[in-house]
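Numbers for residues simply follow the sequence, beginning at 1. Just follow the structure's listing: the first ligand is 1, and inside any ligand the first atom is 1.
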Amino acid sequence: MSKVADNNENMANCICGECPSKNQDDTEFYCAKGKSPMHVRRRGCVCNDCRNWRNYGLSNGYYCDEGVTE
Ligand code: SF4
Ligand code: SF4
């Protein structure tokens, strides 16, 4: 289970929408919700600029592609 609590406050912190890898038709907040059902073209990950990443001591990224592994 993810360290990141699946709540509205954390969801509002998610900056996946600013990420070059994000498919604009897709959802976000993958660190809590799990990976995307869509194909991800990796063009960088901005998770390490996210408040949740800091607050929860995350160390990976690409949660859209890999799911939650921490
Ligand atoms: S760590 Fe990444 S997936 Fe999780 S809320 Fe932040 S930007 Fe979104
Ligand atoms: S999890 Fe990382 S790579 Fe995926 S959309 Fe969010 S910021 Fe971008």
Side-chain angles (χ1 to χ4, degrees):
M1 196 176 137
S2 174
K3 296 192 218 183
V4 181
D6 183 2
N7 61 38
N8 288 340
E9 188 187 345
N10 287 344
M11 187 146 70
N13 288 335
C14 183
I15 56 170
C16 286
E18 300 166 22
C19 175
S21 300
K22 169 87 164 44
N23 183 325
Q24 294 308 312
D25 295 332
D26 202 354
T27 57
E28 56 184 40
F29 196 30
Y30 309 101
C31 62
K33 300 278 192 192
K35 71 187 216 178
S36 169
M38 302 181 83
H39 176 68
V40 176
R41 290 181 67 183
R42 291 190 179 215
R43 295 171 168 151
C45 176
V46 297
C47 283
N48 62 359
D49 289 331
C50 173
R51 208 170 284 163
N52 292 333
W53 202 83
R54 273 197 308 280
N55 290 349
Y56 286 92
L58 301 180
S59 56
N60 296 332
Y62 285 107
Y63 303 109
C64 54
D65 200 22
E66 297 182 1
V68 184
T69 55
E70 59 182 336

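A heavy-atom distance below 4.5 Å is found between the side chains of V46 and P20. A 4.5 Å side-chain heavy-atom check between K33 and T27 finds every atom pair outside the cut-off. Side-chain contact between D6 and F29 is present, with heavy atoms from C-beta onward closer than 4.5 Å. D26 is listed as a side-chain neighbour of P37, based on a closest heavy-atom distance under 4.5 Å.
The F29 neighbourhood of ligand 1 comprises atoms 5 (S), with distances under 4.0 Å to a heavy atom of that residue. Residue Y30 approaches ligand 1 through these ligand atoms, each under 4.0 Å from one of its heavy atoms: 3 (S). Shown in contact with Y63 at under 4.0 Å from a heavy atom are these atoms of ligand 2, numbered in order with element: 1 (S). Remark: ligand 1 atoms within the under-4.0 Å shell around heavy atoms of C14 are 5 (S), 7 (S), 8 (Fe). Atoms of ligand 2 lying under 4.0 Å from at least one heavy atom of G44, given by number and element, are 3 (S). Atoms of ligand 1 lying under 4.0 Å from any heavy atom of C16, numbered from 1 in the order shown and given with element: 3 (S), 7 (S), 8 (Fe).
Checking N52, N48, V4 against atom 5 (S) of ligand 1, the nearest heavy atom belongs to N52.
Looking only at protein heavy atoms, the nearest one to atom 4 (Fe) of ligand 2 is C64 SG, 2.3 Å. For atom 7 (S) of ligand 2, the closest non-hydrogen atom of the protein is V46 N, 3.4 Å. Scanning all protein heavy atoms for the shortest distance to atom 8 (Fe) of ligand 2 gives C19 SG, 2.3 Å. At the shortest separation from atom 2 (Fe) of ligand 2 among protein heavy atoms lies C45 SG, 2.4 Å.
G61 and C45 make their closest contact through CA-SG, 3.9 Å (heavy atoms, listed as atom of the first residue, atom of the second, distance). The heavy-atom pair separating C19 from G44 by the smallest distance is SG-O, 3.4 Å.
Among the atoms of C47, no N, O or S atom is found under 2.8 Å from atom 4 (Fe) of ligand 2.
Salt bridge annotation for E9-R51: absent, with no cationic side-chain nitrogen under 4.0 angstrom from a carboxylate oxygen.
Clustering ILVMFWY residues whenever any of their side-chain heavy atoms sit less than 4.5 angstrom apart, transitively, puts Y62 in a cluster other than the one holding L58. In the hydrophobic cluster analysis, where Ile, Leu, Val, Met, Phe, Trp and Tyr join through side-chain heavy atoms closer than 4.5 angstrom, V4 is grouped together with M11.
Within the structure, ligand 2 lacks C50 among the residues with a heavy atom less than 4.0 angstrom away.
Here I15 has heavy atoms under 4.0 Å from ligand 1 in both its backbone and its side chain.
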